[in-house]
Amino acid sequence: MKGKELLRSRSVLPIGTVMKLTNLTARQIRYYEEQELVLPDRSEGNRRLYSLNDIDRLLEVKDYLDDGINMAGIKEIYRQRRQKQASKRHEENKPLTDSDLRRILHDEFMNLGGLDTPDQQSFRTHNPLM
DNA sequence: TTTCTAACA
DNA sequence: TGTTAGAA
């Protein structure tokens with residue numbers, strides 16, 4: 001069951017293909033890389049090579065953006081997602097209650113207000129914690 | 001031809 | 001974000 005994961009992680013798509021698959025412009029794709037939302041490999045000639053996982057990531061970022069979430073908000077979402085995974089790996093039996101999760105999210109959600117003009121409703125809708 | 005970086009009448 | 005110049 002890890003053969004597929006290996007395949008999905010295999011970076012082989014040039015940016016031109018990614019553009020067609022995601023309907024994003026090269027400019028946007030490169031910009032998201034600058035924001036560290038996607039980290040494609042590079043070929044010998046310094047050309048970007050994307051994997052299927054990268055495509056999913058790009059489409060996900062696109063969805064968030066379409067819903068009005070800004071870069072800061074998206075980074076925040078992935079930050080929380082990573083933090084959660086790390087958390088889950090360590091505290092194997094530290095069941096946070098539903099109210100705990102809501103309290104944590106509420107705190108971070110309020111912090112987002114000072115960043116830009118995040119679409120809070122969308123953030124609520126997409127945040128895995130809600 | 002395609003992609004890269006850097007920069008902006 | 002778009003667009004473009006010059007290079008690879």
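Order of the sequence lines sets the chain letters (A, B, ...), proteins ahead of strands, with each chain counted from 1. What you see is a predicted model; the values in this text were computed from it and never measured.
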Note to self: So does A:I69 get a backbone contact from the side chain of A:D67, meaning a donor-acceptor N/O pair under 3.5 Å?
What the structure shows: no
Next item on the list: Using a strict 4.0 Å threshold on nitrogen-to-oxygen distance, state whether A:R81 and A:E60 make a salt bridge.
Entry: yes
Note to self: Any side-chain N or O of A:Y32 below 4.0 angstrom from OP1/OP2 of C:dT1?
What the structure shows: yes
Check: Backbone N or O of A:I77 within a donor-acceptor pair of the A:Q80 side chain at under 3.5 Å?
Finding: no
Margin query: Treating primed atoms plus P, OP1 and OP2 as sugar-phosphate and everything else as base, which nucleotides of nucleotides 4-9 of chain B get B, S or - for protein heavy atoms under 4.0 Å?
Written below: BB-B--
Note to self: Less than 3.5 Å apart, any donor N or O on the side chain of A:Q83 or A:R79 sitting next to an acceptor on the other?
What the structure shows: yes
Check: Rounded to whole angstrom units, what separation is found between the CG atom of A:L65 and the P atom of C:dT1?
Finding: 5 Å
Margin query: Does the structure show a Watson-Crick or G-U wobble partner for B:dA9, both distances under 3.5 Å? Name it, or say none.
Written below: none
Note to self: Closer than 3.5 angstrom, by distance alone: can the side chain of A:S9 be matched with the main-chain N or O of A:E5 as a donor-acceptor pair?
What the structure shows: yes
Next item on the list: Let me know the distance between CE of A:M19 and C1' of B:dT1, rounded to the nearest Å.
Entry: 14 Å
Checklist line | Check: A:S11 main-chain N/O paired with A:D41 side-chain donor or acceptor under 3.5 Å | finding: no
